[in-house]
Amino acid sequence: MSSSRLLLLLLVSFMLLGHSLAKTRHFKWEVGYIHWSTDGEESVVMGINGAFPGPTIRGRAGDIIVVELTNKLHTEGVVIHWHGIRQFGTPWADGTAAISQCAINAGETFVYRFKVDKAGTYFYHGHYGMQRSAGLYGSLIVDVAQGENEPFHYDGEFNLLLSDWWHKGSHEQEVDLSSNPLRWIGEPQTLLINGRGQYNCSMAAQFSNPQLPQCKLRGGEQYAPQILRVHPNKTYRLRLASTTALASLNLAIGGHKMVVVEADGNYVQPFSVQDIDIYSGESYSILFTTNQDPSKNYWISTSVRGREPKTPQALTLLNYLPNSPSKFPTLPPPIAPLWNDYKHSKSFSNKILALMGSPKPPIKNHRRIILLNTQNKIDGYTKWAINNVSLVLPTTPYLGSIRYGINNAFNTRPPPDNFPIDYDVMKQAPNSNATYGNGVYMLKMNTTIDIILQNANALGKGASEIHPWHLHGHDFWVLGYGEGKFNEKHVKKFNLKNPPLRNTVVIYPYGWTALRFVTDNPGVWAFHCHIEPHLHMGMGVILAEGVHLVKNIPREALACGLTGKMLMTNKHN
C-alpha cells in the first residue's frame, strides 16, 4: 500500500473516531420566577429549575445539545439565545423571539437542539423583552473535541459569569424606558460574579470609598462570594463572560498578571495585561500563575467602565491554599482605570490579534453597510436608531415569513446602507426625529460583507456612549477601530493580516469600528447593541441570507402570527 493511501486511510479513520466520540447531551429545564437574594436584598428573579443563575452547560466540540425548555412563567413568553453558538443548519434554535422563532407560551415546551461546533467560552440568556435583566442567563462551556489539545497549558480552571443587578424589576424598567418622557433606569445597584454580589456592604470595608460597613457573611448565603481556591506555583485558566444589561466592566486580580488567550471562542495571540476590559456580550479566557506570596490571599475585582461609576466594585477572593478564606488581603482591591480612560480601553482592544494559523478574511468585500448609531425622538419618545430607523420587531418571526414567502409580515423596503454624507457625527443632529421600522438587510449567500459601525453624538450635547454590538449566526473579523467619521482613506489601514475573529465588538464614543464576515450560514440573524435597554429602545438591525436553503424548521418554532395561520390552514387542508 502506498504511503499516500495509508495516510488517507488514517485520516478518514481519525475523522470517524472523532465523530463517534461526539455525544448528545440532554437537559430538562423549567423557567420560572423565584425569590432569590442576589446581593443580600431579596428580589424576584428569573431562574431555571429553581436556581439562579441557570445551570452551566458543558460539552465538547461536535456534541449535540438538547434542551427541553418548559415555560413556567404563567403570564409571559420566553426564549433562550445560545450566545456565540453559530447554529449552522439550525437557525430556528438561535433563540430570538420574532426573528428565529415564536416566543414559547406559558405552560408550553420547546426543544432546542443544536451542535456546538467550536471549543470556547460561551453563555446563554433570555432574548425576549428584558428577560436578561431579570436574571435569565447561565454559562455554556465547550471543551475541545476528544483527542485534541488547547494551544496552551494550565493546571486548573475557573469560570466567572459577570452581570449587573437592579432592585427595580425588569417589567418596571421596560415601562420606564417606554415612557414619555423617558425614565432612565439608572445605574445598577450591584455587580454580580456568578450571580452573587453584596449590597450596602463591602468585603473590603476598610478600603471602601465611600465608607461601607463590613459584610457579615457566614458562607451559606445565596449572595456569599464564590471563592477561587488555588495552589501555589500553578497556572490556572479563568473563563470570563459578561452578560451585563448595561455595565462595561474591568477585571483585575490583585498582584497577578493575566495572559489573554481566547476571545469569544477564538484563540488569540497571547498577551499580558494587569487588567482586562470586558463589554456586555464578550467572553475571554485568561491564564494566571499563582507565583505571589503563598501566605496571603488576593482580591479579584470587577469595576464599572465607560459610564460614571455609581456602583461599588464586585469582589471575591483568590484563596491560596492552605490559607483560610477568611483571611482577607492586607492591600486594597485593584483600582480600575478611570471610567472614561478610553485610551486604556483602545490599547487593550488593539492588542487582540488572531493566533497564527487562524482563518484570514477575504481580501475584498462585495458589499459595505455603514450603520450610524444615534439617539432620537419619535413622537416625543426617546429611542435609539440605526440610520435613522428604530427597530420594532414584527409579530411573525422573520425566519418563517421569508422562508414561506408570506406577504405583509414586515416592511419589504430595504433599510438604508448608509447615512447622509453631510451628517456631522461630532455634533447634535439638527433634526433628531427618526422613524420605526422592521425591514431586513437581504444579503447574497457566500459573499463578503463589511459593516462599519459609526458612533455619533447622542441627544445631549457632548454625549456619545459605548455600544458593544453582537452578531448572531456568525463570527466576524475586526478589521480596525478609528476616531471620528469613517471615510474611504481608513480602508488602507484595515488589518487583513491577523484580525481577531469575534462575535461581539465595541464601538467607542465618537468613533467607528470595521468588521467583515462571510454569508455562509442560511438564516435570519439579529445584529444589535448588547446593552439591554438600548436594544429595547430599538438599537438593532436584521440580516437575512440564503433563507430558501433552510430545511426542516420545526412547526412549533413558527406557530404564531401569519406563519401560525398558514400552518393551521395546511393542517386542515
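Quantities reported herein were computed from a predicted structural model and do not represent experimental measurements. Throughout, residue positions are numbered sequentially from 1 according to the sequence presented.
For residues 411-421, the pairs satisfying side-chain hydrogen bond (donor to acceptor under 3.5 Å, both in side chains) are Arg367-Asp417, with sequence neighbours left out. For the salt bridge (Lys or Arg N to Asp or Glu O under 4.0 Å) condition, no pair includes a residue of residues 434-444, sequence neighbours left out. Residues in residues 76-102 take part in these salt bridge (Lys or Arg N to Asp or Glu O under 4.0 Å) pairs, two or more places apart or across chains: Arg86-Asp117.
If you check the side chains of Glu545 and Thr519, you find no donor sitting under 3.5 Å from an acceptor. Ser345 and Arg305 form a side-chain donor-acceptor contact under 3.5 Å, judged by distance and modelled atom types alone. Of the N and O atoms on the side chains of Gln87 and Thr90, at least one donor lies less than 3.5 Å from an acceptor on the other residue.
Side-chain N or O atoms of Ser283 include one that pairs as donor or acceptor with a backbone N or O of Thr121 at under 3.5 Å. A donor-acceptor pair under 3.5 Å is absent between the side-chain atoms of Thr396 and the main chain of Ala409, judged by distance alone. Remark: side-chain polar atoms of Asn373 are not paired, donor with acceptor, to backbone N or O of Ile386 under 3.5 angstrom. In this structure a side-chain-to-backbone donor-acceptor pair under 3.5 Å is present from Asp164 to Ala247. Side-chain atoms of Tyr510 come within 3.5 Å of backbone atoms of Ala463 as a donor-acceptor pair (strictly under, hydrogens ignored).
Tested against Leu479, the residues Leu496, Ile452, Asn495, Ile451 include a single side-chain contact (heavy atoms from CB on, under 4.5 Å) partner, Leu496. Between His528 and the options His472, His534, His467, a side-chain hydrogen bond (donor to acceptor under 3.5 Å, both in side chains) holds for only His472.
A perpendicular orientation is assigned to the rings of Phe110 and Tyr112, their planes being inclined by more than 60° (bins at 30° and 60°). Taking the six-membered ring where tryptophan is involved, the planes of Tyr284 and Phe348 are perpendicular, since the angle between them exceeds 60° and thus also 30°. The aromatic rings of His127 and His81 sit perpendicular, their planes meeting at an angle over 60°, well past the 30° parallel limit. In this pair, His167 and Tyr199 present their aromatic rings perpendicular. The plane angle is above 60°, beyond the 30 to 60° band.
Relative to the ring axis of Tyr508, Lys346 places its NZ or CZ within 45° and under 6.0 Å from the centre.
Taking the charged nitrogens against the carboxylate oxygens, Lys118 and Asp475 do have a contact shorter than 4.0 Å, which makes a salt bridge. For Lys72 and Glu108, the salt-bridge test fails: no basic side-chain N is under 4.0 Å from an acidic carboxylate O. Taking a cutoff of 4.0 Å between a charged side-chain nitrogen and a carboxylate oxygen, Asp176 and Lys168 qualify as a salt bridge.
Summarising the geometry, atom CG belonging to Asn407 is positioned 9.5 Å from atom CG belonging to Leu562; distances are rounded to the nearest 0.5 Å.
Taking the ring centroids of Phe527 and Trp469, they lie under the 6.0 Å cut-off.
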